[in-house]
Structures are given as structure tokens and as C-alpha cells.
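The structure appears below as C-alpha cells.
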Amino acid sequence: MTYVFRRAVAVAGACATAAVAVDAARGDGDVARVARGGARAAYAAVTVARAVADYKTTSSEAMDAAHERCAVRLHAMCTANGGLYVKAGQFISTAGGVPLAYVRELSKLQDEVAPADSRAVLAVVREEFGGVDARDLFETFDPEPMAAASLAQVHRAVLKGSGREVAVKIQRPGLEQTIESDISTMASLVFFTKLAFPSFDFGFMVDEFRSRLEKEIDFEAEGRNCERMKRAFADDERIDAPSVEWNVTRKRVLTMEFVHGTKVTDIASMHKLGLDPKQAALALSDAFARMLLVHSFVHGDPHPGNVLVREHPTRRGETQVVLLDHGLYSELDESARIAMSNLWVAIAVGDEDRAVAAAKRLRVPDEFTWLMPLALARKTTDGRDVDRKQLEQQWADNKSKGGVGRPGIGEASLIGNNMPKEMIIVLRANALVRNVIKALGNSHAGNISLLEAKRQWSNVRYAILGLCIPRGLGDSTIRTASLGCRVKWRLRTVVIGARATLSAFRRAFHRAKPIDIGS
């Protein structure tokens with residue numbers, strides 16, 4: 001392994017050095033910044049080289065142990081390098097097809113971000129407001145952050161004049177200056193990994209990560225997304241987003257209404273406040289189904305920390321869900337929106353041909369069309385519930401016969417390089433919402449199954465509406481759709497509901513056939 005490791009370090013180091021050289025060629029004279037970028041690149045190069053050497057010299061029987069070792073090293077590197085590396089680690093932890101060891105280890109990064117130096121953070125505010133200090137912009141400003149993340153941190157403040165309590169989101173100091181070199185390093189190391197393992201082409205993930213960053217570091221764009229979501233859901237009192245204070249918002253500083261609420265997965269706190277977790281689950285399900293299938297956009301990062309539950313401000317005793325962090329949105333074109341709507345309806349009624357056709361329109365490779373219903377609803381293309389143990393056994397049997405086994409990194413690479421990039425965010429958002437719904441089931445299998453069934457029906461119901469309207473509604477409410485569209489929606493929902501019930505009844509009396517996984 002020593003020889004393989006030395007060769008890997010040499011090639012990976014050359015890739016990282018080239019990336020740093022590109023950054024140095026910018027010629028802004030900041031030697032310290034370039035040196036720090038070089039140190040981060042060197043650590044990343046050694047970590048990736050060790051992983052490549054480890055996998056090259058590990059037998060297939062011992063691969064799980066190799067995953068564990070490499071995941072631990074990657075977590076340590078992301079933590080030490082900070083900034084974009086933490087964000088990249090978080091991104092990998094929620095990507096499909098990643099070994100579970102990486103998911104377990106890298107998901108820890110969500111709660112391990114240390115706050116930036118308060119003086120440097122206040123300097124960002126001064127730079128954005130032409131030299132004006134935070135103490136002059138706000139009545140009070142707490143220099144200690146109430147939350148810290150990889151790209152920004154949030155401070156509590158009070159507006160001058162109105163006395164309104166606000167949350168001030170401030171970008172991490174120096175972030176924009178490190179993006180180019182860090183992304184270049186990541187791209188170079190992904191290229192090196194492809195040289196070592198030709199079937200592992202994850203260049204699309206670097207492109208997607210770069211695209212995400214461009215969206216997430218523009219806080220004015222985030223404010224516009226937040227307001228767009230509020231306008232779209234103005235007809236649903238169960239769902240809200242914070243109001244934006246534009247006079248104290250800039251590209252790197254976002255000031256919003258301070259929302260008093262509890263984390264969506266904190267069921268005990270919800271009960272203490274007299275809030276209903278099941279109503280929160282239904283509201284969240286409706287929100288994401290409707291965004292995607294009716295409005296043609298979707299919040300791309302609905303992890304539990306970005307979803308709060310509170311009592312409705314003016315309707316005592318009613319539960320309201322508030323979505324935070326609107327920096328990452330995915331936009332669907334009409335073709336993708338209609339294809340997703342057809343896919344959900346096909347899953348509901350058990351129309352296999354329609355489901356496969358919809359998956360193909362989303363540019364899913366033919367041999368993996370069965371994965372879309374599985375990813376969205378844990379269903380087969382003909383609408384049957386997937387028995388996880390049966391599926392695992394089928395994968396194992398197929399692999400032992402030289403056929404298709406459990407989809408792994410190579411398959412994730414193939415799918416990711418073919419699907420529209422916005423669908424990566426859509427599938428991630430769907431998985432995150434499903435996990436939140438599961439948590440709201442309070443670990444009771446019956447509750448979880450019922451809430452998951454209602455989440456799926458939310459998607460089917462809004463998919464039907466999505467097929468009734470001539471185009472996505474954008475930031476307009478459902479009330480703006482024509483009366484004819486809304487009547488058609490109600491009637492078709494009854495018909496599809498009846499067909500779905502009949503299909504489920506038939507399946508209950510037929511022996512389940514093996515899942516078509518391209519064997």
C-alpha cells in the first residue's frame with residue numbers, strides 16, 4: 001500500500017497544486033490567503049490520496065471497513081479546513097448512492113460549526129453598509145451568534161424606531177475570497193479520483209455544488225426567494241416565511257423577522273405549546289408538494305433546523321409551519337414539472353408504463369427508471385409498497401448471479417451525470433421532508449405509516465392540479481388559477497382517488513412479483 005499511496009499522493013498533490021496556482025494567478029497580493037488555501041488543498045489532497053490507495057488495496061469483502069476509515073478521515077479534513085469543506089461534507093452526506101459510513105460520519109458536520117470571530121463578522125457589516133457599524137444600524141445587536149453554519153451565522157438584534165426583534169444573517173468573513181481556490185481544488189481531486197476509478201465520475205457534483213454556492217451566498221436573492229414563497233402561499237394560513245427588512249439587507253447581510261417557534265422535530269416542545277405535530281406534518285407535506293408541482297420551484301434545504309413550528313400569530317391554538325433559509329431553491333421548467341406530476345399520479349394508480357415514461361422524460365437512464373418511484377415514495381413503478389428486506393435480498397441474489405446488486409457510487413455517478421441538475425435538489429428535498437415526517441410520527445410505526453401515506457397523497461393531489469393548470473403558477477396563489485382549472489382539479493382528484501383505492505385493493509389480493517431492478 002505504501003507504493004500505491006505515494007503515487008496517489010503525488011498525483012493528487014499535483015492536482016491540488018494546480019488549483020492553488022490558479023488562485024495565486026489572480027494576483028491580488030494576498031499571500032496569506034493563498035498560503036491558507038494551499039494548506040487546505042494539501043490536507044484535502046492527502047486525504048483523497050489515502051482514500052484512493054485504501055480502496056485500491058482493499059478486497060470487496062473488506063469494503064465496509066474501508067468506507068468507515070475513509071469517512072472518518074474525510075470528516076476530520078472537512079472539520080479542519082472549515083468553510084466550504086464543511087459545506088461540501090454536508091452536501092455529500094445527503095447525496096444519494098453514498099455508502100452509509102459517509103452518511104453517518106459527515107452528517108455530524110451539521111452540528112459542529114464553530115462561530116467566526118465577532119470582530120471579523122462586524123467588519124462584514126461595515127463593508128456592506130459603507131462603513132456604518134451594526135450598533136448604528138440597530139437599536140441593539142448581540143455580537144454572539146445564536147446559530148453558526150458553514151456559510152453564515154445568525155445574530156439577534158432589535159430594529160431602530162419600531163423596536164421589532166429581528167434575526168441578522170451575516171456571511172462568514174473571507175468566504176468569497178476562498179471559493180474559487182477551494183472549488184478548484186475539489187474539482188481537481190474529483191478528476192484525480194476519476195483517473196483512479198473511471199466509473200466514478202462525480203464532476204457533476206462539483207458543478208452542482210458551485211451552482212448551489214452561487215445561490216446561497218447572495219443574501220438579497222435569498223430575501224427575494226423568501227418573499228416569493230410568502231406570496232405563493234398567501235392563501236394557506238398554515239404555512240409562512242419570515243418578513244424581510246430590506247433597508248438593513250445587503251448581499252452579505254440579510255435581516256428578517258425573528259420567528260419564535262420550536263424545531264419541527266421537537267415533539268415534546270410542540271406538545272408543551274399546545275401545537276399538533278400531525279398538523280405540522282400535513283402542512284409541511286402540502287407545502288413541498290405544492291411548491292414543486294404547482295409553483296415550479298422548491299426550497300432545497302428543508303432539514304429540521306430550517307423548519308419551525310409556532311402558534312399562528314392571529315389564530316389562537318392553530319399550528320403554523322415557518323420555513324427558514326431560502327438561499328437554495330430549485331427551479332423546474334415546464335417539462336420537468338409535468339413529468340414529476342405524471343410520475344406521482346402514475347405511482348398512485350399503479351400505471352407502470354406512465355411511471356417509466358415520466359422517469360425517462362426526467363432523463364433517468366432506462367436501467368434505473370425503477371429508482372424514481374423508490375426514491376420518491378418507497379414504491380415500485382406499478383405502485384406497490386417496497387418491502388425493504390425483500391429488496392435487499394433481491395439485490396443480494398441478483399449480485400450472486402452476476403446481475404444488478406444494490407446501487408452504489410458508480411450507479412449514483414451514472415444517474416447524476418444524466419439527470420437534470422435541479423432534480424438532484426428536488427430528490428434531496430423530498431428525502432429530507434420524508435425524514436421529518438417520519439420523526440413527527442413519534443417513532444410509532446402506525447403513525448409513521450399514516451403520515452407518510454398522507455405525504456404521498458399530498459403529492460398526488462397537487463400533481464393532479466399541476467396537470468390541470470396550463471403552466472406553473474410561480475409566486476401566484478392557487479386562487480389565481482381559473483375556476484375551470486380548479487373545478488377540474490376537484491373532479492379529477494375524486495377519480496384518481498378512486499382509481500388509487502381500486503389499484504391498492506387489487507394488489508392486496510395478488511401475489512407480489514419481484515421488483516424490476518434491471519436484473
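As a basis for the values below, the full set of heavy atoms in this structure was taken, side chains included, without hydrogen atoms, waters or symmetry mates.
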Quiz prompt | From CA spacing to verdict: salt bridge (charged side-chain N to carboxylate O under 4.0 Å, His left out), E452, R378 | solution = CA-CA 10 Å; E452 172 59 16; R378 293 290 187 263; over 6 Å; no

Quiz item: Where do V460 and W344 come nearest, in terms of heavy atoms and distance?
Solution: CG2-O, 3.7 Å

Self-check item: Pair E180 + R210: basic N to acidic O under 4.0 Å
Solution: yes

Quiz item: Is the side chain of N81 donor-acceptor paired with the backbone N or O of R40 at a distance under 3.5 Å, no angle test?
Solution: yes

Quiz item: Between the side chains of Y55 and H67, does any donor sit under 3.5 Å from an acceptor?
Solution: yes

Quiz item: Are D218 and R252 close enough for a salt bridge, meaning some N to O gap below 4.0 Å?
Solution: no

Quiz prompt | Exam field: side chain Q456 to backbone A377, donor-acceptor pair closer than 3.5 Å | solution = yes

Quiz item: Among T255, T249, D325, which one satisfies side chain to side chain donor-acceptor pair (under 3.5 Å) with K169?
Solution: D325

Exercise. Using modelled atom types only, decide if a donor and an acceptor are shared between the side chain of R290 and the backbone of A232 within a distance under 3.5 Å.
Key: yes

Self-check item: Donor-acceptor side-chain pairing of D333 and S335 below 3.5 angstrom
Solution: no

Quiz item: Does the side chain of Y85 come within less than 4.5 Å of T79's, by heavy atoms?
Solution: no

Quiz prompt | Backbone N/O of A62 and side chain of T58: donor-acceptor pair under 3.5 Å | solution = no

Self-check item: Evaluation steps, side chain to side chain contact (heavy atoms under 4.5 Å, CB included), between D286 and F233
Solution: CA-CA 11 Å; D286 281 353; F233 285 86; over 6 Å; no

Quiz prompt | Lys/Arg N to Asp/Glu carboxylate O, D475 vs R231, below 4.0 Å | solution = yes

Self-check item: Residues N430, R455; criterion side chain to side chain donor-acceptor pair (under 3.5 Å); working and verdict
Solution: CA-CA 10 Å; N430 179 83; R455 182 192 74 85; 3.0 Å; yes

Quiz prompt | Any donor-acceptor N/O pair, S211 side chain to D207 backbone, under 3.5 Å | solution = no

Quiz item: If we only count heavy atoms from C-beta on, is the M186 to L84 side-chain gap below 4.5 Å?
Solution: yes

Self-check item: Minimum heavy-atom distance R361-A339, with the two atoms named
Solution: CB-CB, 4.0 Å

Exercise. Give the minimum heavy-atom separation between V264 and L440, together with the two atoms involved.
Key: O-CD2, 3.1 Å

Practice problem: Could you tell me how the ring of F288 sits relative to the ring of H299: parallel (under 30°), tilted (30 to 60°) or perpendicular (over 60°)? | Solution: perpendicular

Quiz item: Given the side-chain rings of H75 and Y102, with only the six-membered ring counted for Trp, is the space between their centroids under 6.0 Å?
Solution: no

Quiz item: Would you say the side-chain atoms of K379 pair up with the backbone N or O of R384, donor to acceptor, closer than 3.5 Å?
Solution: no

Self-check item: Side-chain donor/acceptor of K438 to backbone N/O of L451, under 3.5 Å
Solution: no

Practice problem: Using a strict 4.0 Å threshold on nitrogen-to-oxygen distance, state whether E227 and R224 make a salt bridge. | Solution: no

Practice problem: Drop me the distance from L106's CG to S93's OG, to the nearest 0.5 angstrom. | Solution: 6.0 Å

Quiz item: So do the side chains of L292 and R337 get within less than 4.5 Å of each other, counting heavy atoms only?
Solution: no

Quiz item: Going through the distances and angles, do L109 and K87 end up as a side chain to side chain contact (heavy atoms under 4.5 Å, CB included)?
Solution: CA-CA 8 Å; L109 294 168; K87 190 70 176 178; over 6 Å; no

Quiz item: Is the NZ atom of K215 crowded by more than 12 outside heavy atoms at less than 6.0 Å?
Solution: yes

Quiz prompt | F297 side, atom CZ; R228 side, atom CZ - distance, nearest 0.5 Å | solution = 5.0 Å

Self-check item: K263 side chain reached by V307 side chain, heavy atoms, under 4.5 Å
Solution: no

Quiz item: Are side-chain N/O atoms of N306 and H303 paired as donor and acceptor at under 3.5 Å?
Solution: yes

Exercise. Using modelled atom types only, decide if a donor and an acceptor are shared between the side chain of E334 and the backbone of G472 within a distance under 3.5 Å.
Key: yes

Quiz item: Does any N or O in the side chain of E105 come within less than 3.5 Å of the main-chain N or O of V72, such that one atom is a donor and the other an acceptor?
Solution: no

Exercise. Given side chain to side chain donor-acceptor pair (under 3.5 Å), test E352 with W370 step by step and report yes or no.
Key: CA-CA 10 Å; E352 186 168 13; W370 59 274; over 6 Å; no

Practice problem: With the side chain counted from C-beta on, respond yes when L374 and T380 share a heavy-atom pair under 4.5 Å apart, and no when they do not. | Solution: no

Quiz prompt | Min side-chain heavy-atom separation V121-V124 under 4.5 Å | solution = no

Quiz item: S330 and V426: which non-hydrogen atoms are nearest, and at how many Å?
Solution: OG-CG2, 4.0 Å

Quiz prompt | Any V322 side-chain heavy atom under 4.5 Å of P242 side chain | solution = yes

Quiz item: Got a second to check how far I239's CD1 is from M229's CE, nearest 0.5 Å?
Solution: 6.0 Å

Quiz item: Taking it one step at a time, do D54 and R73 satisfy side chain to side chain contact (heavy atoms under 4.5 Å, CB included)?
Solution: CA-CA 12 Å; D54 205 342; R73 294 181 197 128; 3.2 Å; yes

Quiz prompt | Test log, rule side chain to side chain contact (heavy atoms under 4.5 Å, CB included), inputs I179 and I217 | solution = CA-CA 10 Å; I179 285 179; I217 64 174; 3.6 Å; yes

Practice problem: Starting at CG of L284, measure out to CD1 of I437 and round the result to the nearest 0.5 Å. | Solution: 5.0 Å

Exercise. First locate atom CG of L332, then atom NE2 of H295, and finally report the distance between them rounded to the nearest 0.5 Å.
Key: 13.0 Å

Quiz item: If you look at every heavy atom in V259 and L324, which pair is closest and at what distance?
Solution: CG2-CD2, 4.4 Å

Self-check item: Salt-bridge present (K251, E214; N to O < 4.0 Å)
Solution: no

Practice problem: Compare every heavy atom of R172 with every heavy atom of S150, then report the nearest pair and how far apart it is. | Solution: O-CD, 3.0 Å

Quiz item: Does the side chain of L254 come within less than 4.5 Å of V168's, by heavy atoms?
Solution: no

Self-check item: Nearest-0.5 Å distance that lies between atom CG in N225 and atom CD in E216
Solution: 10.5 Å

